[in-house]
Amino acid sequence: MLIVGGGLAGLACAIRLHDAGAKPTIFEASDAVGGRVRTDLVDGFLLDRGFQVYLDAYPEAGNLLDKTSLDLRPFKPGALVYQGGRMLRVMDVFRTPRHLVTSALAPIGSFADKLRVALLKWRLSGVSIQDIATHEDMSTELYLQRAGFSTRMIDVFFRSFYGGIFLERELRTSSRMFEFTFKMFSQGSATLPACGMGEIPRQLNMRLPCGTVRLGAQVTDIHSHGVTLKSGETIAGDAVVVATDASSAALLLPKMNLPEPAWRSVTCLYFAAARSPLNEAIIALNGTGSGLVNNVCVPSDLASDYAPPGQSLISVSVLGIPNLTDMQSLVLKELESWFGSEVQEWRHLRTEQIKRALPEQAPGLRNSGAGFRKHAGILVCGDHLWSASIEGAIISGQRTANAILHSS
Ligand SMILES: Cc1cc2nc3c(=O)[nH]c(=O)nc-3n(C[C@H](O)[C@H](O)[C@H](O)COP(=O)(O)OP(=O)(O)OC[C@H]3O[C@@H](n4cnc5c(N)ncnc54)[C@H](O)[C@@H]3O)c2cc1C
């Protein structure tokens, strides 16, 4: 069984096939598994390829992963919001009751908004993820308006918090995706593995026998009983799974008419500092409605391995890929108003520009419902066929493996 792509979908598919006694082979074009979830060691710092978090309430990913050995480090539930020249604390008061007063008094949204958050949390706790897929779909912005949230709450909090998740501040993303992530945030924590997000695919890869993954093996042609590599080598197999990102799948399988998605992009700037500007495991958001920065966090405040001893790693996310030659200095100048002049002492480590970070998830976008697509004996899976998330990629990969096992 041949799997094209060693991201989370391809790995999850291969594990299920292997556990059922099959012998899958993964062909991965790059130099390591993980796809969009990778971590690089640079100068003693662990740099995730773009800021992302593992939500520990993900049900299927949670069943597949050994969460204990990932040593997940949670962010505090809530956020700091930079607004009006101040850092305001907005916490999930049901999980951190000691912040009840500061959060209730924070001038972000009215008291009624805070009650609406509680109501939404309660309402979504009573529905399953499968139910969410049947709910009326609309833009997240319209959904929040219909739920009665004030314009201020939407503009100052939701645009920056969900901007960092959906990688767009207009909140055009499907309300079903909003309900899914809101439910996951309510039921668990946003976390980072102690040794970086790349530990997730690394752990999955360890569950496969040696030789299952062929790295540097770009597939250029696919037919129902085999693949051809860029090197010219042709390999035959009794099933072919395409577990690449949506655009690569569309290119490899022109006859399948797979939709080429619009992509959400993000730029992540990493800095080293002598001390953490936050000094706690929390995400800081830009609630000003202007500027380049969307969110900031300090991964080394959660897990010390992210930075060498005595140093802090700062992660700054800018939505999109702005065409600016002096972005680094513009970002630092902006953050000087957040954190003071110490920002000028920060050392730039790396800027990651991720053009294809998330496929757009517009309202009404129909996936197959099965989590995969099949055409002329070839199966296609990946986050674009379930939800653009770690959970979505894993579910899609597993369902594809189930389909192969049930048909053989
Ligand atoms: C910056 C960023 C932030 C994110 N934030 C979060 C978050 O906070 N929480 C969350 O749950 N999710 C988040 N995500 C989404 C999540 O990472 C993805 O949905 C998921 O990793 C997609 O996995 P996949 O296996 O479907 O695809 P991919 O990870 O894209 O894997 C596809 C693989 O196929 C390989 N490939 C492509 N073409 C070929 C070919 N021709 N031959 C061989 N190999 C090929 C690629 O090299 C790649 O390894 C984020 C993603 C990014 C980039």
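Positions are given from 1, in the same order as the sequence printed here. In what follows, every heavy atom counts, from backbone to side chain, and hydrogens, waters and symmetry copies are set aside. Ligands are counted one by one from 1 in listed order, and the atoms in each one are counted from 1 as well.
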Can you tell me if Gln361 uses its side chain to pair, donor with acceptor, with the backbone of Ala388 under 3.5 Å?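 Here the side-chain-to-backbone pair exists.
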Decide whether an N or O pair under 3.5 Å exists between [X] and ligand 1.
X	answer
Ser387	no
Val53	yes
Tyr58	yes
Ala29	yes
Ala9	yes
Ser30	no
Ile390	yes
Val266	no

Please name all residues satisfying ring pair (Phe, Tyr, Trp, His ring centres under 6.0 Å) with Phe182, sequence neighbours left out, ordered by chain then number.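 With sequence neighbours excluded, Phe182 shows a ring pair (Phe, Tyr, Trp, His ring centres under 6.0 Å) to Phe178, given in chain and number order.
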Would a 4.5 Å heavy-atom cut-off, applied to side chains only, mark Leu65 and Ile200 as touching?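 Sidechains of Ile200 and Leu65: in contact.
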Beyond-backbone contact of Ile404 with Val241, side-chain heavy atoms, under 4.5 angstrom: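 Yes; the side chains approach each other to less than 4.5 Å.
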Taking the ring of Tyr270 and the ring of Phe51, is the distance between their centroids below 6.0 Å?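 Centroid separation for Phe51 and Tyr270: 6.0 Å or greater.
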Can a non-hydrogen atom of [X] be found less than 4.0 Å from any atom of ligand 1?
X	value
Ala12	no
Phe51	yes
Gly392	no

State which residue, out of Glu260, Lys355, His384, fulfils the side-chain hydrogen bond (donor to acceptor under 3.5 Å, both in side chains) condition with Ser247.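 Result for side-chain hydrogen bond (donor to acceptor under 3.5 Å, both in side chains) with Ser247: Glu260.
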Taking all atoms of both residues into account, what is the closest heavy-atom pair of Pro359 and Asp383, and its distance?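 Nearest heavy atoms, Pro359 then Asp383: CD-OD2, 3.7 Å.
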Aromatic ring pairing Phe185/Tyr162, orientation class (parallel under 30°, perpendicular over 60°, tilted between):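 Aromatic pair Phe185/Tyr162 classed perpendicular.
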